[in-house]
Every structure is written in structure tokens, then in C-alpha cells.
Amino acid sequence: FGLGLYAYHIAPHFYALFFVALIFCMASQWRKYKQEILCFTGTLLCASIPLLFSLMAQTTSLTARFTDISLWHQSTTILAFGKDFILRYLSYFDPRFLFMYGDFNLRHHTGFGGQLFLFMAPLLIIGLYRNISSLRTSPTARFVLCGLLLAPLPAALTIDVMHGPRTMHMGTFYILLTLYGAEVLF
């Protein structure tokens with residue numbers, strides 16, 4: 001899982017948010033899953049060591065690409081940045097992006113269908129309902145929802161709209177919610 005830090009330039013930003021969400025959502029389960037949490041944290045830290053050395057050596061190599069595609073550098077005012085950020089963030093939850101058209105760049109997408117299969121839509125809705133209804137009692141439900149809501153944040157900070165590879169982390173949470181929906185039905 002920690003090797004995902006090297007998969008795409010947006011990954012380190014997402015994993016930082018992901019790790020904070022994990023700690024926040026699973027805090028009540030610390031004693032029960034202490035070994036698993038320590039193992040996960042240790043693996044993530046070990047996989048991050050080369051990235052940390054690179055960061056200490058020269059920060060510009062890690063931030064140069066993000067500077068080129070950053071929404072902040074394209075916006076003229078803070079209000080324009082806020083508006084563009086919110087529109088980009090919400091576009092990643094648009095059913096047209098998810099189920100009908102997907103990424104418009106054909107380097108990232110076949111051009112047929114959306115980012116998710118159409119048959120997943122009803123299962124996703126049922127799974128989302130199940131997940132939301134168990135938020136108070138299930139730390140896992142809180143984590144899945146937090147992960148889904150946090151995943152498009154790094155992608156929304158870029159100039160591109162509905163960019164498939166920058167939201168590849170959302171797929172995990174959509175699949176989990178779809179499985180929850182299938183579990184309810186079957």
C-alpha cells in the first residue's frame with residue numbers, strides 16, 4: 001500500500017489525508033487493532049523513507065509538476081480559486097463522470113462508459129445508504145466515507161476537470177460501497 005506513494009504525483013497528497021482519516025476514524029479501535037495499525041504505519045513509514053530523503057535533498061523536484069498544474073497558479077483571486085476548487089471537487093461525484101463518459105482525455109480512458117461500470121450504480125446507492133446508516137456504530141463505515149470524500153481533494157486542486165488517473169484512489173472506496181450494496185441485496 002505504501003508503494004502507492006510512487007505511483008502518481010498526486011498520491012503523496014492523498015496518502016497524507018488518508019492517514020489522518022485513518023487515525024481519526026479508527027481512534028476508538030486502537031486497542032482492538034493495535035498490532036494491525038502499527039504494522040500498517042510501520043510499512044507506510046518504511047515505504048516513505050526514499051521519498052523523505054528526496055524531499056530533504058531538493059523539494060523542487062517533488063513540487064515542480066504540481067506547480068505546473070496547480071489551480072492556485074491559474075486563479076486570479078481567492079474567490080475564483082474557491083469557486084473553481086468547489087466545482088472541480090463536485091465534478092468527481094458527477095454521475096456523468098462516474099457512469100457515462102469518464103475522463104475526456106482518451107489517453108486515460110477508452111471513451112466508452114464512465115469511470116465505473118453502470119451496473120454498479122444501484123449497488124453503490126444501496127451501499128452508500130447502508131454505510132451512512134451505520135456511521136455512528138462502525139469505524140469502518142466512517143473511514144470509507146471519509147476516504148471517499150477526501151480522495152478527490154488533491155485532484156480538485158489541479159487545473160484539469162474530471163481527470164481519471166488523479167482520482168484512482170476513489171475506486172477503492174466506490175468498490176467497497178458497491179460491495180456493501182451487494183451484501184445487502186444478496
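A80 approaches T77 most closely through the heavy-atom pair N-OG1, 3.0 Å. Residues A156 and Y92 approach most closely at N-CE1, 4.1 Å, considering heavy atoms. Between P139 and M26, the closest heavy-atom pair is CB-SD, 3.5 Å. Annotation for M120 and T178: closest pair CE-OG1, 3.4 Å, computed over non-hydrogen atoms.
Residues R130 and E183 form a side-chain contact, since some pair of their non-hydrogen atoms from C-beta on lies under 4.5 Å apart. For the pair F117/L98, no side-chain contact is recorded, criterion being any heavy-atom separation below 4.5 Å from C-beta on. Using a 4.5 Å heavy-atom threshold, the side chains of F143 and L148 count as separate. L149 is listed as a side-chain neighbour of Y89, based on a closest heavy-atom distance under 4.5 Å. F81 is listed as a side-chain neighbour of L157, based on a closest heavy-atom distance under 4.5 Å. Considering only heavy atoms from C-beta on, F93 comes within 4.5 Å of M170 through its side chain.
For the pairing with V144, the side-chain contact (heavy atoms from CB on, under 4.5 Å) check across L135, L176, L128 returns one residue only, L176.
One hydrophobic cluster, built from ILVMFWY side chains closer than 4.5 Å, cannot hold both F119 and Y129; they sit in different ones. In the hydrophobic clustering of ILVMFWY residues, with side-chain heavy atoms under 4.5 Å counting as a link, L179 and Y174 come out together. Using a 4.5 Å cut-off between side-chain heavy atoms of Ile, Leu, Val, Met, Phe, Trp and Tyr, with links allowed through other members, L150 and L87 fall into different hydrophobic clusters. I132 and Y180 fall within a single hydrophobic cluster, where Ile, Leu, Val, Met, Phe, Trp and Tyr are joined by side-chain heavy atoms under 4.5 Å apart, directly or via other members. A chain of hydrophobic side-chain contacts below 4.5 Å, direct or via other Ile, Leu, Val, Met, Phe, Trp or Tyr residues, connects I78 to L153.
The line from CG of L123 to CG of L177 is 11.0 Å long, rounded to the nearest 0.5 Å. Taken from NZ in K83 to CZ in R88, the straight-line distance is 9.5 Å, to the nearest 0.5 Å.
Using modelled atom types, one side-chain atom of S134 and one backbone atom of N131 make a donor-acceptor pair closer than 3.5 Å.
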